[in-house]
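Since the structure comes first, as structure tokens, the remarks are kept for the end.
Numbering of ligands and ligand atoms starts at 1, following listing order. Here the structure is a predicted model, which is why all the values come from computation and not from measurement.
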Amino acid sequence: MTAGPIVALCGGIGGAKLALGLYRVLEPDALHVVINTGDDFEHLGLHISPDVDTVTYTLAGIENPETGWGRRDETWSFMETAKRLGAETWFALGDSDLAIHVERTRRLAAGHRLSEITAAIGKKFEIRARLIPMSDDAVRTVVQSTDGALAFQDYFVRRQCKPVVEGIDYDGAGRAHAAPGVLEALKRPDLRAVIICPSNPFLSIDPILAVADIRAAVANCQAPVIAVSPLVGGAAVKGPTAKIFDELSIPRTASAIAEHYGGLIDGLIIDQADKDHVASLPVAARAVNTLMRSLDDRENLAKDVLSFAGELSVAPRSQQGND
Ligand code: FO1
């Protein structure tokens with residue numbers, strides 16, 4: 001008998017590291033990764049799904065270890081020529097990365113769904129985990145900032161997260177539905193756990209939870225839901241997470257993360273640097289090493305999360321959804 005699934009909700013770089021740890025310690029086909037697509041956009045005529053690709057490359061072992069996004073040992077002839085032709089070059093597409101965008105765009109234009117394309121590409125890279133974009137419907141993260149409303153990649157890459165964030169919208173989320181496979185996994189009676197990866201809560205996880213049927217299925221699932229805090233001693237490992245907490249006047253604490261996911265989670269994993277907060281948190285918590293510098297760190301964090309999940313009981317959650 002095969003063991004039930006583990007569902008991981010995941011954004012790009014930080015989330016992909018834990019997804020890899022889980023993939024390596026679990027039976028390979030047990031892992032279902034539900035990936036943020038709020039960062040997706042059209043660039044140079046191509047449909048780019050950055051977080052989907054980051055997870056795909058990371059689980060395939062071909063990710064760029066320096067940037068966390070794009071391909072290892074990348075070359076840049078395409079960008080050099082694009083620059084010469086006067087094309088926009090603020091968002092860099094490497095030569096080998098380019099193939100995934102061209103092929104995805106071609107298949108979308110031929111009427112295939114993003115979820116089918118993602119699964120097919122995962123198979124080509126021999127990934128046995130199920131990689132599922134959160135939705136086949138367009139959901140686009142829009143950052144309300146001191147520079148006005150900015151499309152996600154305009155804020156994140158072109159303006160390097162410099163504008164002050166005043167709010168975040170997930171355009172299209174109200175009309176979007178979970179991609180095939182997401183609700184089926186969350187509703188399985190043998191589901192073992194839902195893990196909210198240590199991705200940016202506002203930019204990477206909230207777009208997924210903004211899709212009502214996903215949020216409801218997480219709220220109503222029978223397995224423990226565990227979030228892994230992206231904060232270590234009040235700082236974020238990478239990216240604008242800490243800056244956004246400050247700009248939204250949210251304290252950079254484990255408690256704030258617990259409250260952010262309040263009513264949806266049964267447990268919170270925090271970093272050992274924050275272990276003094278365990279007792280005062282409003283949910284069951286465990287302090288472990290959450291810094292994922294090495295492959296061992298990723299596997300150890302995955303094991304810690306899974307063993308914590310195995311010990312948690314699921315109380316009726318306050319955020320019940322209608323699914
Ligand atoms: N991030 C950057 O900071 N600069 C880039 O030029 C860039 C290009 C890029 C190309 C393909 C891809 O899949 C991701 C890319 N990213 C780039 C990363 C990405 O935009 C962000 O890290 C995520 O959207 C946030 O999770």
Side-chain angles (χ1 to χ4, degrees), residues 8-20 33-60 62-80 82-83 87-105 108 114 117-118 121-122 125 127 131 133-134 138-143 150-163 165 168 170-171 196-208 230 236-244 292:
L9 309 185
C10 183
I13 303 164
K17 287 182 180 173
L18 179 56
L20 177 63
V33 193
V34 177
I35 310 167
N36 171 41
T37 56
D39 300 10
D40 289 20
F41 75 129
E42 286 268 325
H43 185 60
L44 305 178
L46 300 171
H47 179 106
I48 317 285
S49 292
D51 288 357
V52 170
D53 292 347
T54 296
V55 175
T56 302
Y57 292 154
T58 302
L59 266 55
I62 54 173
E63 83 287 4
N64 182 326
E66 275 92 46
T67 56
W69 53 266
R71 294 278 301 262
R72 189 180 288 263
D73 302 323
E74 188 58 283
T75 56
W76 300 96
S77 302
F78 168 73
M79 285 315 287
E80 284 157 20
K83 187 174 182 187
E88 286 191 64
T89 53
W90 57 271
F91 193 86
L93 300 179
D95 297 337
S96 39
D97 182 35
L98 192 55
I100 211 168
H101 312 302
V102 170
E103 184 56 10
R104 175 186 293 117
T105 306
L108 283 170
L114 185 62
I117 301 167
T118 303
I121 291 175
F125 283 115
I127 297 169
L131 305 186
M134 64 196 203
V139 177
R140 296 291 174 262
T141 299
V142 176
V143 177
L150 302 174
F152 178 80
Q153 298 296 348
D154 190 5
Y155 162 77
F156 198 89
V157 175
R158 200 204 298 242
R159 298 176 200 235
Q160 299 177 341
C161 309
K162 285 182 186 144
V165 176
I168 303 167
Y170 310 104
D171 281 6
I196 300 180
C197 289
S199 302
N200 184 310
F202 315 107
L203 299 180
S204 302
I205 302 297
D206 286 358
I208 305 176
V237 181
K238 209 170 187 287
T241 306
K243 179 175 175 281
I244 296 176
M292 292 179 281

Donor-acceptor contact below 3.5 Å, side chain Glu74 vs main chain Asp95:
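Checked: pair present.
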
Hey, is the main chain of Gly11 close enough, under 3.5 Å, to the side chain of Ser204 for a donor-acceptor pair?
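Answer holds: no.
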
According to the interplanar angle, ranging from 0 to 90°, do the rings of His43 and Phe91 count as parallel (below 30°), tilted (30 to 60°) or perpendicular (above 60°)?
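Taking Phe91 first and then His43, their aromatic rings stand perpendicular (interplane angle over 60°).
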
Using every non-hydrogen atom in the two residues, find where Asp154 and Trp90 come nearest and quote the distance to one decimal.
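Distance-wise, the nearest heavy atoms are N-CH2, 4.3 Å.
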
Under a 4.5 Å cut-off applied to non-hydrogen side-chain atoms, are Pro163 and Val143 in contact?
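SC-SC contact between Pro163 and Val143 ruled out.
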
Dump all N/O pairs between ligand 1 and the protein below 3.5 Å as a table: atom names plus distance, one pair per row.
residue: ligand 1; atom: 1 (N); partner: Trp69; partner atom: NE1; Å: 3.2
residue: ligand 1; atom: 6 (O); partner: Ala92; partner atom: N; Å: 2.8
residue: ligand 1; atom: 20 (O); partner: Gln153; partner atom: OE1; Å: 2.9
residue: ligand 1; atom: 20 (O); partner: Gln153; partner atom: NE2; Å: 3.4
residue: ligand 1; atom: 24 (O); partner: Asp39; partner atom: OD2; Å: 2.7
residue: ligand 1; atom: 24 (O); partner: Gln153; partner atom: NE2; Å: 3.0
residue: ligand 1; atom: 26 (O); partner: Asp39; partner atom: OD2; Å: 3.3
residue: ligand 1; atom: 26 (O); partner: Asp51; partner atom: OD1; Å: 2.7

Does Arg72 make a cation-pi contact with Tyr57 (under 6.0 Å, within 45 degrees of the axis)?
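Geometry flag: not set, cation outside 6.0 Å or 45°.
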
